[in-house]
There are 2 protein chains.
Amino acid sequence: MPRPTIYDVAAAAGVATSTVSRAFSSPNRVNARTREHIFSIAADLGYRPNPHARALLSGRHHTVAMVVSDITNPHYFELIRGAELRARASEYTLVLVNAEESPRVEYDQIQRLVPSVDGFVLGASRLPDENLVQIAGQRPVVLMSRELSRLPSVVLEHTQGCHQIVEHLASFGHQHLVYLAGPRNSWMATTRWSALKSAGEELGLRVDRIGPFTPKASHGAAAADGAIRTGATAIVAHNDLLAIGVMRRLAQRSVRVPQDVSVVGFDNIFAADLCTPGLTTLGGAHADVGRVAVDILLQATGPLQPSGASPQVALPTELVVRESTGARA
Amino acid sequence: MPRPTIYDVAAAAGVATSTVSRAFSSPNRVNARTREHIFSIAADLGYRPNPHARALLSGRHHTVAMVVSDITNPHYFELIRGAELRARASEYTLVLVNAEESPRVEYDQIQRLVPSVDGFVLGASRLPDENLVQIAGQRPVVLMSRELSRLPSVVLEHTQGCHQIVEHLASFGHQHLVYLAGPRNSWMATTRWSALKSAGEELGLRVDRIGPFTPKASHGAAAADGAIRTGATAIVAHNDLLAIGVMRRLAQRSVRVPQDVSVVGFDNIFAADLCTPGLTTLGGAHADVGRVAVDILLQATGPLQPSGASPQVALPTELVVRESTGARA
DNA sequence: CTGAAAGCGCTAACAC
DNA sequence: GTGTTAGCGCTTTCAG
């Protein structure tokens with residue numbers, strides 16, 4: 001037996017289909033008694049509105065897509081969780097898309113989904129600005145871990161956080177640090193680099209940069225070797241995964257952390273607390289990033305036309321100090 | 001300007017809408033010349049088929065849902081990734097749902113999605129058998145990390161794996177081990193317990209069980225304390241997260257691993273290699289679990305009616321031995 | 001407050 | 001090979 005439709009319900013309830021429709025979509029526009037009657041009949045029949053038929057007409061799908069640069073990066077766990085919770089709270093479905101660090105995959109997937117979703121939350125998008133603007137022209141977009149004027153975004157307060165990192169390292173007497181940059185097209189990588197550099201200038205440290213590196217543990221070896229060559233006494237890796245990979249390689253090469261070199265990461269993933277030594281890292285309320293991003297998106301997809309306002313939210317970070325940083329010995 | 005429809009394309013191309021439709025849905029049923037003409041016009045107009053209108057008629061949405069018991073469990077990373085890749089390869093969209101260890105949330109979410117997806121992949125479902133059977137009556141279902149007669153499933157070869165664990169521990173002279181059980185309604189928990197027990201009987205070890213425990217690191221303290229009380233010399237935790245939490249607690253209580261007690265986990269998550277001591281754990285090709293599950297699902301949602309066959313796939317496991325297991329000292 | 005009827009974008013008979 | 005014509009399930013004027 002196929003799913004019952006409003007026709008079945010209408011027939012069984014002895015009313016018109018439009019009344020059934022109204023009972024579900026704007027309950028207050030129908031007599032309380034008939035409404036209840038319809039509901040009970042509908043329940044008996046096991047009727048449930050077909051979202052596609054609804055979407056066909058309204059153009060709204062009650063679905064948002066979240067695109068992440070690499071789904072296996074633990075950093076995204078909390079982001080996804082926060083976004084999912086927020087979406088569900090408004091009875092929205094969250095479609096998860098993995099861009100696998102590939103702008104092409106990212107763009108294709110987004111275009112594929114444009115007709116099916118009400119908006120996009122883009123995590124650390126690797127797409128060029130023009131693409132983002134274009135996508136925003138098709139559907140509301142909220143960026144995470146990236147800022148772009150005229151588009152709403154949610155980021156962690158990296159600039160201040162980077163300053164904190166440099167201060168922390170300076171307090172141990174470090175005078176030369178190196179930033180292991182993330183992917184070329186990562187806005188975060190660019191921003192962190194300039195934040196570190198200016199903090200370095202301010203505090204009188206030399207700051208180098210090498211890379212780009214794919215921010216995975218497996219790429220840590222190359223990054224570590226490069227870092228050693230710079231002669232820096234402190235390494236700031238683009239994220240925790242890379243930092244962990246770096247520490248592994250350093251251990252292999254008998255470089256002691258933090259006695260010979262200090263290591264700092266970003267994200268404060270679960271594993272940062274488990275590796276040895278524990279990784280000093282810049283953390284933040286990641287779940288909130290996801291939550292707020294969806295929040296803004298739902299606002300934009302809401303009945304009120306997207307207002308000119310494009311909120312750019314920056315959430316606070318916190319430097320989690322563990323054992324991977326210290327004075328040279 | 002609204003999205004162009006087949007009407008716009010048809011008008012611009014000087015053909016009927018059905019021809020446009022055919023050009024896109026069954027290209028070989030239309031003259032090559034007209035087809036190319038239609039395509040080029042469509043491209044100019046930026047036409048893209050509306051999947052909802054399509055779904056409304058065909059009932060197929062090119063979308064599958066994957067439900068996981070807890071999205072923040074790293075164990076799922078690879079599963080999700082494998083599933084996502086496989087889905088995308090067939091141009092299917094993967095909707096990710098987080099059940100948050102709650103059967104109620106899980107069931108509600110599934111019911112919400114029934115009208116919008118072609119099938120479900122259920123990871124470590126916490127639902128009772130009857131519910132699963134009922135859902136399978138609404139849409140094709142493939143289980144992961146759970147078996148149920150008449151439903152297709154993909155699991156890791158836990159039974160043999162558990163045997164391997166017990167053998168490994170026995171080889172170190174352990175004679176008493178305790179299993180820290182996962183959630184009450186976890187099929188895996190039940191299966192592992194009976195597998196461990198029968199392996200214990202066979203090899204002459206005493207095997208206790210305590211729990212259930214929520215398989216997160218934060219619940220490790222209670223689990224560790226309970227384990228100590230049993231007097232067992234080896235602890236087999238329901239998963240790596242719990243095992244890591246247990247090891248933390250043991251360290252706090254100055255119980256040495258593995259000198260005083262050995263610890264084993266399941267899943268071989270990234271962090272298992274990072275904690276100190278490294279965690280011995282039962283791993284497997286998790287990405288394959290997700291991949292194969294979607295593979296089976298797409299077969300079932302395919303044009304050919306769901307055949308009676310319900311493949312029950314069991315993928316091999318491998319015991320990854322690290323430093324958390326050894327002889328007592 | 002409720003019914004009748006048109007149509008959202010597309011597909012699937014059925015003709016030609 | 002292509003056009004015509006009904007709908008898919010629902011919402012939404014417009015009457016009543």
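Residue numbering restarts at 1 for every chain, and letters A, B, ... go by the order of the sequence lines.
- Using a 4.0 Å heavy-atom distance criterion, B:Tyr7 is classed as a base contact.
- We find the CD-CG distance between A:Glu84 and B:Leu96 to be 7.5 Å, quoted to the nearest 0.5 Å.
- The separation between B:His52 atom NE2 and C:dC8 atom P is 17 Å, rounded to whole Å.
- Using a 4.0 Å heavy-atom distance criterion, B:Val20 is classed as making no nucleic acid contact.
- Between C:dA13, C:dT2, D:dC8, one nucleotide has an atom nearer to the side chain of A:Val30 than all others, and that is C:dT2.
- For B:Ser18 against D:dT4, a side-chain N or O and a base N or O form a donor-acceptor pair under 3.5 Å.
- The distance between atom CG of B:Leu57 and atom C1' of D:dG9, rounded to the nearest whole Å, is 11 Å.
- For A:Arg48 and D:dC10, the CZ to P distance is 12 Å, given to the nearest whole Å.
- In this structure, A:Ile6 atom CD1 and C:dA4 atom P are separated by 13 Å, rounded to whole Å.
- A salt bridge does not link A:Asp108 to A:Arg112: none of the charged nitrogens lies less than 4.0 Å from a carboxylate oxygen.
- Heavy atoms of B:Thr5 sit under 4.0 angstrom from primed sugar atoms or phosphate atoms, though from no base atom.
- The main-chain N or O of B:Thr301 is never found under 3.5 Å from a side-chain atom of B:Asp118 such that the two would form a donor-acceptor pair.
- A donor N or O paired with an acceptor N or O is found under 3.5 Å between the base of C:dG3 and the side-chain atoms of A:Arg22.
- Separating the CG atom of A:Asp8 from the C1' atom of D:dG9 is a distance of 10 Å, rounded to the nearest angstrom.
- Atom P of nucleotide D:dT2 and atom CZ of B:Arg33 are separated by 10 Å, given to the nearest angstrom.
- Atom CD of B:Glu147 is separated from atom CE of B:Met188 by 8.5 Å, given to the nearest 0.5 angstrom.
- An OP1 or OP2 oxygen of D:dT2 is reached within less than 4.0 angstrom by a side-chain nitrogen or oxygen of B:Thr34.
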